[in-house]
Amino acid sequence: MNLLLKEIRHNKLLWLLVFVPLVFAAEMLKPEAHTMHFVLSVLAIVPLAALLSHATESVAAKTGDAVGGLLNATLGNLTELVIALTALRAGQYMLVKASIAGAIVTNSLFMLGVSFLLGGLKYHTQEYNRVSARMQAGLLFLATVALLIPSAVSQADSASTAAFTQKLSVGLSILLIVAYGMSMLFSLKTHREFFASAEHGEGGEEGHGATPFPMGLALATLAGVTVLVAMVSHVFVESVQHAAETFGMSQAFVGFIVVAIVGAAAEMASAFAGARKNRLDLSVGIALGSSAQIALFVAPVLVLLSYVLGPEPMNLQFWPGAVVMMLIATMAASLMTNTGRSTWFVGMLLVMVYLVFAMTLYLLPPRGQ
Amino acid sequence: MNLLLKEIRHNKLLWLLVFVPLVFAAEMLKPEAHTMHFVLSVLAIVPLAALLSHATESVAAKTGDAVGGLLNATLGNLTELVIALTALRAGQYMLVKASIAGAIVTNSLFMLGVSFLLGGLKYHTQEYNRVSARMQAGLLFLATVALLIPSAVSQADSASTAAFTQKLSVGLSILLIVAYGMSMLFSLKTHREFFASAEHGEGGEEGHGATPFPMGLALATLAGVTVLVAMVSHVFVESVQHAAETFGMSQAFVGFIVVAIVGAAAEMASAFAGARKNRLDLSVGIALGSSAQIALFVAPVLVLLSYVLGPEPMNLQFWPGAVVMMLIATMAASLMTNTGRSTWFVGMLLVMVYLVFAMTLYLLPPRGQ
Amino acid sequence: MNLLLKEIRHNKLLWLLVFVPLVFAAEMLKPEAHTMHFVLSVLAIVPLAALLSHATESVAAKTGDAVGGLLNATLGNLTELVIALTALRAGQYMLVKASIAGAIVTNSLFMLGVSFLLGGLKYHTQEYNRVSARMQAGLLFLATVALLIPSAVSQADSASTAAFTQKLSVGLSILLIVAYGMSMLFSLKTHREFFASAEHGEGGEEGHGATPFPMGLALATLAGVTVLVAMVSHVFVESVQHAAETFGMSQAFVGFIVVAIVGAAAEMASAFAGARKNRLDLSVGIALGSSAQIALFVAPVLVLLSYVLGPEPMNLQFWPGAVVMMLIATMAASLMTNTGRSTWFVGMLLVMVYLVFAMTLYLLPPRGQ
């Protein structure tokens with residue numbers, strides 16, 4: 001517990017934890033102040049995500065490489081998963097899908113781009129392990145195909161029935177989870193020597209000079225903070241629509257950009273810090289690894305869980321604009337990382353592509369009904 | 001003739017030749033048993049394709065490199081060509097097009113992917129000549145553009161008249177055949193040193209330890225087996241629709257997946273054997289070379305022949321879903337082969353992309369009319 | 001002035017200057033002879049463009065690297081800019097957009113492809129600096145995304161209002177100009193050592209053995225010839241529609257292919273000469289640099305200027321077929337240049353892709369209203 005307090009004193013991001021009780025207070029005292037709920041819940045999720053990430057790392061560090069890698073790979077995007085599950089239970093499938101697509105796009109363009117940009121402003125050129133980047137890009141390519149083909153094929157035929165989409169979504173979800181499992185087998189077991197320095201980077205937070213929690217504290221934090229994230233997410237999901245209207249933002253912009261950046265704030269802090277320390281393998285690993293994890297693990301798990309938790313089954317059919325953005329993000333990340341060398345200019349290009357998306361979504365008129 | 005029997009004894013695939021007379025018997029005795037016709041004709045085409053392929057190799061081996069390469073390059077997909085011609089004469093243009101698109105997708109995803117997978121399960125990493133892979137990928141890119149642009153441009157304008165599509169198809173067909181001719185000039189003549197080990201691989205079947213046929217036997221086999229394939233294809237094409245209904249498979253699935261795998265069975269056997277012997281140049285050459293040949297030679301030749309043989313001219317305009325699949329297959333093959341190095345994971349990714357397609361087509365509801 | 005005459009004697013292309021007075025004569029004496037106006041104005045623009053290009057180079061050579069690079073980078077496509085401005089003032093936005101898209105496609109497929117082809121017919125293989133090619137390809141990728149996303153997103157929603165498209169176009173234009181400025185900062189300032197041999201190539205015309213003009217003459221030529229180009233462009237833009245009808249060419253073909261080739265004739269001469277002298281860096285730099293300049297500088301500047309000069313604001317929303325062609329051209333240029341090595345076959349492939357476009361546009365039936 002002392003260690004927890006020490007970690008909080010040490011890591012300034014965690015001072016934001018003060019907003020967690022404020023969220024619940026605001027919800028009870030001012031149930032109609034949606035914009036305030038929104039702002040407070042955003043501010044509260046950021047430090048909770050950081051804490052969750054640190055606890056996951058601590059457990060992973062204790063359990064040895066294979067189990068640790070597995071843990072990191074399944075719990076690494078726990079924040080996104082919990083937010084999405086909350087939206088899923090509320091039946092807000094459009095928000096769930098927007099946040100999935102937004103997380104993929106934000107991680108592979110914005111997180112990667114800003115990492116290259118920040119690193120490039122300090123170092124003339126930076127090198128990183130491109131085998132790892134290639135594997136993640138390959139996984140993202142597969143996931144994008146899986147999300148693209150159903151709509152490409154069924155639109156063309158205009159014979160897409162709900163039953164077809166639903167059966168296909170379940171099948172594709174299982175396929176994606178299997179592919180994700182294979183990628184862990186490949187990187188943690190059969191060809192782990194390829195990932196030498198990327199693996200080094202995986203021990204994320206110690207880059208911050210943070211001490212890992214002992215096992216008991218780590219597990220308790222994991223459990224307790226997950227519950228807190230779920231509770232805050234509940235407020236966040238309820239208030240996000242109202243807030244969007246207040247700020248004059250389109251719903252697409254909120255789902256794609258705001259939720260994605262809030263959910264990934266803790267990982268971004270790690271990725272950017274890695275880039276400034278010339279440990280680009282860490283940054284590339286977090287940015288692309290996180291994208292791949294959301295596309296091949298979080299999204300299909302949500303589809304399968306929707307049968308148990310949601311009011312009705314969710315499918316994998318995305319809004320065509322979202323599919324195009326995911327496709328472009330995957331292509332951009334793949335093109336820009338295949339040399340294993342980066343400069344500020346490469347980062348600038350990735351960020352610019354992201355700005356094109358953000359600007360388009362921001363200006364998008366609300367759907368006409 | 002003795003040699004032919006010896007080859008049959010040696011190569012277990014050829015034992016399936018017993019199904020050739022059974023097809024004709026079944027057609028005469030039970031003219032309504034379409035599903036049986038279908039199964040028997042599939043089983044009969046596989047060994048005939050293997051024999052055809054062996055005979056082509058034998059002639060090629062005798063005639064020296066340039067002519068031999070030319071022969072291989074024009075007769076290498078004789079089975080696909082004969083099946084497609086049979087469907088063409090029956091006016092079944094949808095089946096012709098599905099089998100063309102399916103062959104391109106199946107060869108560049110499934111054949112290539114399983115080769116990498118099988119090779120990768122035996123060897124930790126495998127290397128191959130990427131110049132050859134690049135050339136084939138470039139040709140496939142050109143072919144995909146040629147198939148994509150007409151529909152992209154005319155759909156957009158909704159001013160596509162039949163006359164436009166037809167004239168354009170003839171023009172593009174000639175362009176593709178010219179490009180294919182240029183690729184042979186490049187690989188067999190002006191820059192043959194780039195293809196050193198790929199050329200080694202081209203002597204296909206000897207990888208099986210088979211003895212080449214003498215010239216007379218080879219030519220006789222070529223002629224006789226082509227006639228047999230044509231006759232069996234006739235039964236196959238007539239029964240394929242009925243069989244699809246019986247097995248509950250969509251027509252798209254049959255054309256894309258079943259016909260493509262049946263037509264390429266013999267080449268797959270060679271490609272997979274090559275991969276298991278660490279001769280990946282052979283496998284990549286067969287898989288991508290075959291795709292390029294179908295896209296730039298078989299398909300345009302069918303368009304031109306449709307003026308002579310078909311009930312009406314055939315065009316090059318494909319179903320949009322098929323164009324998207326060909327585009328993705330080309331991109332995937334291009335991305336995955338540009339390092340010249342493979343592991344089981346790369347193979348797994350390619351096979352997964354293929355499974356996404358197969359699953360989508362399998363579940364696709366029948367067109368609604 | 002003597003030097004100007006010497007340059008004209010030396011460079012046979014400039015003999016075409018005799019057509020400049022003929023254009024004006026024809027316009028006054030035979031105001032209805034549109035086809036003759038068209039032919040004469042095409043023949044007059046080509047030498048004016050060459051002269052403009054030479055004057056720009058001369059000023060650039062005098063002012064030192066940074067300013068010179070800047071000048072080259074802003075005035076390098078002055079001909080295209082003046083033609084487009086003339087069409088803009090006439091409110092012919094479809095022609096403006098077709099000429100922008102056509103210039104991008106023509107430069108990155110035809111100019112690059114013919115350079116590789118001509119170089120490859122003389123030299124077995126040629127090498128060039130691929131860092132520079134990569135940067136230009138990255139910029140083109142960004143520009144294509146900026147042109148693609150608005151229509152992808154708004155089509156999907158069918159909620160695209162004119163106001164949305166207009167606001168977005170202004171925003172994207174500013175973004176593209178900023179990105180273009182960044183690329184100059186990168187290549188001329190922070191990472192200029194990467195562009196070593198490409199920079200050498202930038203001194204364009206001296207490859208022709210031409211003497212640079214002294215400052216005064218260069219500036220006078222720049223001013224005078226710009227006025228002449230504007231006047232001839234006026235005739236060209238007025239006659240182009242009539243001429244298209246006379247020659248039986250679709251409007252899309254004229255805008256995309258004819259205008260683009262006329263506008264870039266002078267640069268093509270330099271690029272092809274460079275390739276024949278085994279100075280491929282020069283050719284690749286001109287071809288891709290020119291494409292990037294039109295996409296990230298000329299096009300957005302035209303959008304912003306349309307608020308001042310045009311009858312109504314112009315947007316960045318292109319005809320979907322044009323977007324697909326730009327996307328394919330960018331992908332092709334990017335795929336074909338990422339090895340830094342070329343042969344005649346690579347050039348042939350690029351030219352073939354261009355021919356697919358040209359043939360499609362040529363056969364395209366006129367829009368049906």
Side-chain angles (χ1 to χ4, degrees), chain A residues 101 105 109 113 116-117 120-121 123-125 148 151 155 250-253 256 318-339 341-369, chain C residues 130-131 134-187 189-191 193-194 296 316 323 327 330-331 334-335 338:
Chain A
V105 168
L109 292 178
F116 283 168
L117 196 52
L121 291 177
Y123 303 93
H124 194 65
T125 55
L148 165 76
S151 43
Q155 267 193 330
S250 72
Q251 211 180 326
F253 183 80
F256 241 77
F318 281 74
W319 168 57
V323 174
V324 172
M325 288 189 193
M326 285 189 274
L327 192 64
I328 289 173
T330 304
M331 277 173 60
S334 166
L335 283 174
M336 304 293 170
T337 57
N338 81 4
T339 57
R341 202 166 70 148
S342 92
T343 58
W344 68 264
F345 185 73
V346 176
M348 195 275 301
L349 277 180
L350 287 168
V351 172
M352 282 281 180
V353 174
Y354 188 69
L355 287 180
V356 170
F357 293 173
M359 192 184 276
T360 307
L361 292 169
Y362 187 80
L363 294 174
L364 202 67
R367 294 183 169 229
Q369 64 263 3
Chain C
R130 65 177 166 170
V131 174
R134 271 180 178 285
M135 185 188 79
Q136 312 287 7
L139 286 170
L140 276 174
F141 179 78
L142 171 63
T144 317
V145 170
L147 301 179
L148 166 75
I149 276 299
S151 43
V153 165
S154 68
Q155 267 194 331
D157 268 297
S158 69
S160 139
T161 60
F164 162 65
T165 310
Q166 204 52 53
K167 264 190 279 178
L168 187 56
S169 297
V170 173
L172 292 177
S173 295
I174 293 168
L175 217 64
L176 289 178
I177 293 175
V178 170
Y180 188 63
M182 292 288 179
S183 78
M184 292 198 295
L185 188 66
F186 183 68
S187 62
K189 194 107 188 164
T190 71
H191 288 66
E193 78 282 4
F194 283 7
L296 288 101
L316 268 184
V323 174
L327 191 64
T330 304
M331 277 173 60
S334 164
L335 283 174
N338 81 4

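Below, read A as the first sequence line, B as the second, and so on, with proteins coming before strands; counting in each chain starts at 1.
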Given a strict heavy-atom distance threshold of 4.5 Å, which part of [X] is in contact with chain C: side chain, backbone, both, or neither?
| X | answer |
| --- | --- |
| A/Val353 | both |
| A/Ala322 | neither |
| A/Met352 | both |

What option among [options] has the most heavy-atom pairs under 4.5 Å with chain A?
| options | result |
| --- | --- |
| C/Met182, C/Lys167, C/Met135 | C/Met182 |
| C/Ala137, C/Ala163, C/Gly171 | C/Gly171 |
| C/Val178, C/Leu168, C/Leu172, C/Leu148 | C/Leu168 |

Taking all non-hydrogen atoms of both residues, which atom of [X] and which atom of [Y] are closest, and how far apart?
| X | Y | answer |
| --- | --- | --- |
| C/Phe164 | A/Leu363 | CD1-O, 3.2 Å |
| A/Leu117 | A/Val351 | CD2-CG2, 4.5 Å |
| C/Ala179 | C/Leu142 | CB-CD2, 3.6 Å |
| C/Ser169 | C/Thr165 | OG-O, 2.7 Å |
| C/Ala146 | A/Val356 | CA-CG1, 3.9 Å |

Do [X] and [Y] touch side chain to side chain, with heavy atoms closer than 4.5 Å?
| X | Y | result |
| --- | --- | --- |
| A/Phe357 | C/Val145 | yes |
| C/Val131 | C/His191 | no |
| A/Ile328 | C/Ile149 | yes |

If I measure from the heavy atoms of chain A, does [X] come under 4.5 Å with its side chain, its backbone, both, or neither?
| X | answer |
| --- | --- |
| C/Ser334 | side chain |
| C/Leu176 | neither |
| C/Phe141 | side chain |

For the interface with chain C, which of A/Met331, A/His124, A/Met359 has the highest count of heavy-atom pairs at distances below 4.5 Å? A/His124

For the interface with chain C, which of A/Asn338, A/Val324, A/Leu349, A/Leu335 has the highest count of heavy-atom pairs at distances below 4.5 Å? A/Leu349

